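A short write-up of the structure that comes next.
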Amino acid sequence: MIQSRTTEILVGAFMVAGLVAFFFLAMQVSNLSTSASGDGYLVAARFDNIGSLKVRSPVTMAGVRIGRVSNISFDQNTYEAVVTLKIESQYNAVPDDTFAKIFTAGLLGEQYIGLDPGGSEKYLADGGEISLTQSALVLEEIIGQFLFSKAEEGRESE
């Protein structure tokens, strides 16, 4: 009876450990981890098209994650998407002429913002704005342009 009780407790503990591990894996995969939050400063960037960029998407510089997207809104006067980036406080030397681009991880992966540093000696500060931006490439538009150009070539050859 004691042997059976011990086995049941061990199996229960193993199940609880598995569920906890599955929970942390799901949090990491979905970018909902709370461990990355902390001090930082907010910077805005305006884009014509953000594609499927989401809040909490990574912000990288030279392939290293230096922050996350903290808010996405729409400016009704300029018809642009305003993306607020939260840059971690340890990366406080980002030049103010930095170029922001929206990339896609892989062919169909999640979108993220990549920053290319400029040459300015002034740095972005809390409430600053990145004025040099490149919108997301929308796969459907690229395929549409390719098909349209092929149709034009076919019409010209006839």
Side-chain angles (χ1 to χ4, degrees), residues 14-153:
F14 181 75
M15 290 298 295
V16 169
L19 289 174
V20 169
F22 183 72
F23 175 74
F24 282 110
L25 176 67
M27 296 296 280
Q28 287 294 326
V29 168
S30 63
N31 282 334
L32 295 176
S33 171
T34 58
S35 62
S37 65
D39 292 339
Y41 56 97
L42 300 176
V43 177
R46 296 175 173 271
F47 295 92
D48 292 330
N49 186 350
I50 60 168
S52 61
L53 187 72
K54 294 180 176 72
V55 173
R56 300 199 51 81
S57 292
V59 176
T60 66
M61 182 174 266
V64 177
R65 189 179 63 79
I66 64 169
R68 291 203 179 268
V69 172
S70 66
N71 188 25
I72 298 173
S73 61
F74 181 71
D75 186 343
Q76 294 185 9
N77 296 324
T78 61
Y79 303 108
E80 293 176 320
V82 180
V83 178
T84 305
L85 315 174
K86 184 173 184 179
I87 309 289
E88 295 175 12
S89 59
Q90 64 186 357
Y91 304 106
N92 58 1
V94 178
D96 65 351
D97 60 348
T98 294
F99 195 82
K101 302 177 194 174
I102 298 176
F103 292 110
T104 302
L107 186 59
L108 300 173
E110 72 171 344
Q111 291 192 313
Y112 65 97
I113 294 183
L115 301 178
D116 289 334
S120 176
E121 294 182 6
K122 295 179 182 177
Y123 301 121
L124 289 170
D126 190 33
E129 182 169 331
I130 297 174
S131 59
L132 304 171
T133 60
Q134 179 181 343
S135 296
L137 294 176
V138 180
L139 189 61
E140 292 85 7
E141 288 182 8
I142 294 171
I143 292 172
Q145 290 174 353
F146 175 75
L147 293 176
F148 185 74
S149 68
K150 288 297 179 188
E152 285 289 322
E153 288 177 12

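Start at 1 with the first residue, then count along the sequence. Predicted model, so just to flag it, every value in this text is computed and none were measured.
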Any pair counted as side chain to side chain donor-acceptor pair (under 3.5 Å), so long as it reaches residues 124-135, sequence neighbours left out: Arg46-Glu129
With sequence neighbours excluded, tell me which residues meet salt bridge (charged side-chain N to carboxylate O under 4.0 Å, His left out) with Glu121. none
Can you find a heavy atom in the side chain of Thr60 that is under 4.5 Å from one in the side chain of Ile66? no
Between Tyr91 and Tyr41 the two heavy atoms that sit nearest each other are O-OH, 2.6 Å
Would you say Val69 and Leu85 make side-chain contact, with heavy atoms under 4.5 Å? yes
What's the separation between atom CD1 in Ile113 and atom CD1 in Ile50, rounded to the nearest 0.5 Å? 8.5 Å
Taking all non-hydrogen atoms of both residues, which atom of Ile130 and which atom of Ala100 are closest, and how far apart? CG2-CB, 4.0 Å
What one should report as the nearest heavy-atom pair of Leu124 and Pro95 is CG-O, 3.7 Å
Take a 6.0 Å sphere around CZ of Phe74 and say whether it holds more than 12 heavy atoms from other residues, nucleotides or ligands. yes
Counting C-beta onward and ignoring hydrogens, is there a side-chain heavy-atom pair between Lys86 and Arg68 closer than 4.5 Å? no
Could you go step by step and tell me if Glu110 and Lys54 meet the salt bridge (Lys or Arg N to Asp or Glu O under 4.0 Å) rule? CA-CA 9 Å; Glu110 72 171 344; Lys54 294 180 176 72; over 6 Å; no
For residues Asp97 and Gly118, report the shortest heavy-atom separation together with the two atoms involved. OD1-CA, 3.1 Å
Testing the basics here: between Ile102 and Leu53, what is the closest heavy-atom pair and its distance to 0.1 Å? CD1-CD2, 4.3 Å
List the steps and the verdict of side chain to side chain contact (heavy atoms under 4.5 Å, CB included) for Val94 and Asn92. CA-CA 6 Å; Val94 178; Asn92 58 1; over 6 Å; no
In this structure, CG of Asp75 is separated from CZ of Phe47 (nearest 0.5 Å) by 14.0 Å
Working for side chain to side chain contact (heavy atoms under 4.5 Å, CB included), residues Val55 and Ser70: CA-CA 6 Å; Val55 173; Ser70 66; 5.7 Å; no
Taking the side chain as every heavy atom from C-beta outward, state whether Thr98 and Leu132 have any atom pair closer than 4.5 Å. no
Under the side chain to side chain donor-acceptor pair (under 3.5 Å) test, residues paired with Thr104 that sit two or more places apart: Gln111
Asp39 side, atom CG; Ile87 side, atom CD1 - distance, nearest 0.5 Å: 14.0 Å
Between Tyr123 and Asp96, is there a side-chain heavy-atom distance shorter than 4.5 Å? no
Minimum heavy-atom distance Ala125-Val43, with the two atoms named: O-CG2, 4.0 Å
Taking everything shown except Glu153 itself, do over 12 heavy atoms lie less than 6.0 Å from its CD? yes
How long is the span from the OG atom in Ser73 to the CD atom in Glu80, to the nearest 0.5 Å? 11.0 Å
